[in-house]
A.B. asks: 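Here it is, the structure in full.
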Protein chains: 2
Amino acid sequence: MPTTPHRPDRPRRPKPAEFELLKHLARAGGEGRPAAWSSMEVGKLLGVSQQAADRYLRNLATEGKISRSLGGRKQRLELLPAGREELRREYGELRRLFEGPARLAFAGTVASGLGEGRYYLSRPGYLVQFAERLGYTPYPGTLNLKLSASDLTLAASTKSWRGIRIDGFSASGRTFGGASCHAAHLNGRPAHLIMPDRTHHTESVEFIAPEFLRGALGVSDGDRVDVVLEEAETSA
Amino acid sequence: MPTTPHRPDRPRRPKPAEFELLKHLARAGGEGRPAAWSSMEVGKLLGVSQQAADRYLRNLATEGKISRSLGGRKQRLELLPAGREELRREYGELRRLFEGPARLAFAGTVASGLGEGRYYLSRPGYLVQFAERLGYTPYPGTLNLKLSASDLTLAASTKSWRGIRIDGFSASGRTFGGASCHAAHLNGRPAHLIMPDRTHHTESVEFIAPEFLRGALGVSDGDRVDVVLEEAETSA
DNA sequence: ATTACTAGGTATCGAGTAC
DNA sequence: TGTACTCGATACCTAGTAA
């Protein structure tokens, strides 16, 4: 029986050169503006041959980290969210290493959601995960806080935090997306910020807690709530 | 004539697994406190075999990025400055990507140094580098600014910046350490902050400029000077 | 128990070249 | 021009095992 060395099993860690390529794309293609580089140019950029560069490009494309349009003379290369996520994860890990867990503070005003929160929160696929990873079953409804543009950017930086993972799943013929939760204090009261993996281009953020937050905080639409977010310290 | 594929020439980019190992060591061995891991454990940590882990350890050790003492049952592993530098460089690059070039502002009070600055600045080994990389020959003396503890921490964060490298060298039987320079404005006047690779556990920072700074700024011991540091934008 | 060598396999490179 | 295939050579992995 032959030996079975090497198992290219798990998510495959990107090669240094591929990671480098992602960084180059992030620098060159600041959101929506694709770079126009031939595989030859990419090769020179990375210090590898045209063939290797081409292989990298194809691999990254099939992994959904970049998009390529091979139309004209030079292919258009664009960093996709999955690729940016790859960079952000590494960034978060290193930042945590050098700067320690981050803390964030801002304020928002209570807003009415579309009632979607209640529906999503009651899905069993989410409920079991909340119970297990947050340690409680959330009140079936989210508190919606509307944020200023700058505070929204601030909140978005939690994307590079580790967070508590809530995995997506499929049930009754449709898919429910994943999210990351972050420990939060709303006017000093413990809660969790929920950051869905797929952003809705919204101007507000949502929180869950074991209790009915509007009641516990004594707030209603338009009231101001102070938010403090703290990154989990777990490093492994 | 056989082909000559593969040239493992340049500084060798670290493998993902090796980089991961450096991160683990940075987390585990917070300065001076070595980790005690067998190659078997390291392998499990990285998801590779004991043999591969061992190879990584030996490579990193010969590159001076980690130190190993193979004394007892488990080897003691410690991250060396070169290894930390490796991590810091990657961190700086990613931070620049996500946050843009950093800017820093603080204030200090003029203090008298020990006259060492004048001695070091007059070493030819440094002078040629200053002339070439800073574009001027500094006035033979440094301006010493005493900082508060918090401002000192702030200034220390330039360690993750790119900076202008001044390399160490040996001359007349002793060694002179390297440093990184960062563009600065002192009360609006251009200068460079010098951050020696080897910290002196000092409570002040030093600046150089083409001109005699005390004179040009019209300051003397105890006067306050405002400092603005700006990270170089060069990304490649 | 460790670390580290050897053997034999896979992964991945660059050159040549088809398209 | 470009991208992407084949192929020979090398880098690198794991298993077995010596030290």
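By convention in this document, chain letters (A, B, ...) are assigned in the order of the sequence lines, proteins followed by strands, and residues within each chain are numbered from 1. All values below were derived from every heavy atom in this structure, side-chain atoms included, with hydrogens, water molecules and symmetry-related copies excluded.
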A.B. asks: Strictly under 6.0 Å, is that where the ring centroids of A:Y136 and A:H192 end up?
C.D. replies: yes
A.B. asks: For atom NZ of A:K146, decide whether the heavy atoms of other residues, nucleotides or ligands shown that lie under 6.0 angstrom number more than 12.
C.D. replies: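 It does not: A:K146 NZ has 12 such atoms or fewer within range.
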A.B. asks: Establish, from distance only, whether the side-chain atoms of A:S180 and A:R165 form a donor-acceptor pair under 3.5 Å.
C.D. replies: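 Side-chain D/A pair, A:S180 to A:R165: present.
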A.B. asks: What is the distance from CG of A:L60 to P of D:dA4, rounded to the nearest Å?
C.D. replies: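 After rounding, the reported distance stands at 13 Å.
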A.B. asks: Nearest whole Å is fine: how far is C:dT3 P from B:W37 CH2?
C.D. replies: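 So the two atoms are 13 Å apart, to the nearest Å.
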A.B. asks: How many angstroms lie between NE2 in A:H182 and CD in A:E231, if you round to the nearest 0.5 Å?
C.D. replies: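 Here the rounded value is 8.5 Å.
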A.B. asks: For C:dA4, does either OP1 or OP2 sit under 4.0 Å from a side-chain N or O belonging to B:R68?
C.D. replies: yes
A.B. asks: For the side chain of A:K15, counting heavy atoms from C-beta on, which of C:dT2, C:dT12, C:dA4 is nearest?
C.D. replies: C:dT12
A.B. asks: Specify the separation, in whole Å, of atom CG of A:L46 and atom P of C:dT12.
C.D. replies: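 Whole-Å distance recorded here is 16 Å.
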A.B. asks: Rounded to whole Å, please give me the gap between CZ in B:R76 and C1' in C:dT2.
C.D. replies: 15 Å
A.B. asks: Using a 4.0 Å heavy-atom cut-off, does A:S49 contact any base of the nucleic acid, only the sugar-phosphate backbone, or nothing at all?
C.D. replies: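 Base contact - A:S49 has a heavy atom under 4.0 Å of at least one base atom.
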A.B. asks: Taking only nitrogen or oxygen atoms into account, show me every contact under 3.5 Å that the protein makes with nucleotides 16-19 of chain C, one pair per line with its distance.
C.D. replies:
residue: C:dG16; atom: O6; partner: A:Q51; partner atom: NE2; Å: 3.0

A.B. asks: Can you tell me if B:R55 touches the phosphate of D:dC13, counting only side-chain N or O atoms and a distance under 4.0 Å to OP1 or OP2?
C.D. replies: yes
A.B. asks: Grab the CG-P distance between B:D54 and D:dA19 for me, whole Å please.
C.D. replies: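 Going from CG in B:D54 over to P in D:dA19 covers 16 Å.
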A.B. asks: Would you check, one step at a time, whether the test side-chain hydrogen bond (donor to acceptor under 3.5 Å, both in side chains) holds for B:Y91 with A:E90?
C.D. replies: CA-CA 8 Å; B:Y91 168 53; A:E90 188 68 28; over 6 Å; no
A.B. asks: Among C:dC13, D:dT3, D:dT14, which nucleotide has an atom closest to any side-chain atom of B:A52?
C.D. replies: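 Out of C:dC13, D:dT3, D:dT14, the nucleotide with an atom closest to B:A52's side chain is D:dT14.
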A.B. asks: Output the rounded distance in Å from CD (B:E41) to C1' (C:dT3).
C.D. replies: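 Answer to the nearest Å: 14 Å.
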A.B. asks: Please report, rounded to the nearest Å, how far the C1' atom of D:dT3 is from the CD1 atom of A:I66.
C.D. replies: 14 Å
A.B. asks: With sugar-phosphate meaning primed atoms plus P, OP1 and OP2, does A:R58 contact a base, only sugar-phosphate, or nothing at under 4.0 Å between heavy atoms?
C.D. replies: sugar-phosphate
A.B. asks: To the closest 0.5 Å, what do you measure between OG (B:S157) and CG (B:L229)?
C.D. replies: 8.5 Å
A.B. asks: Less than 4.0 angstrom between a side-chain N/O of B:Y56 and OP1 or OP2 of D:dC13, yes or no?
C.D. replies: yes
A.B. asks: Measure from NZ or CZ of A:R123 to the centre of the six-membered ring of A:Y119, then state whether that distance is under 6.0 Å and the direction lies within 45° of the axis.
C.D. replies: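 The answer is yes, since A:R123 meets both limits relative to A:Y119.
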A.B. asks: Could you state the atom-to-atom distance from CG of A:N59 to P of D:dC5 in whole Å?
C.D. replies: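 So the CG-P distance, A:N59 to D:dC5, works out to 11 Å.
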A.B. asks: Among D:dT3, C:dG14, D:dT14, which nucleotide has an atom closest to any side-chain atom of A:Q75?
C.D. replies: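 Of the options given, the side chain of A:Q75 lies nearest D:dT3.
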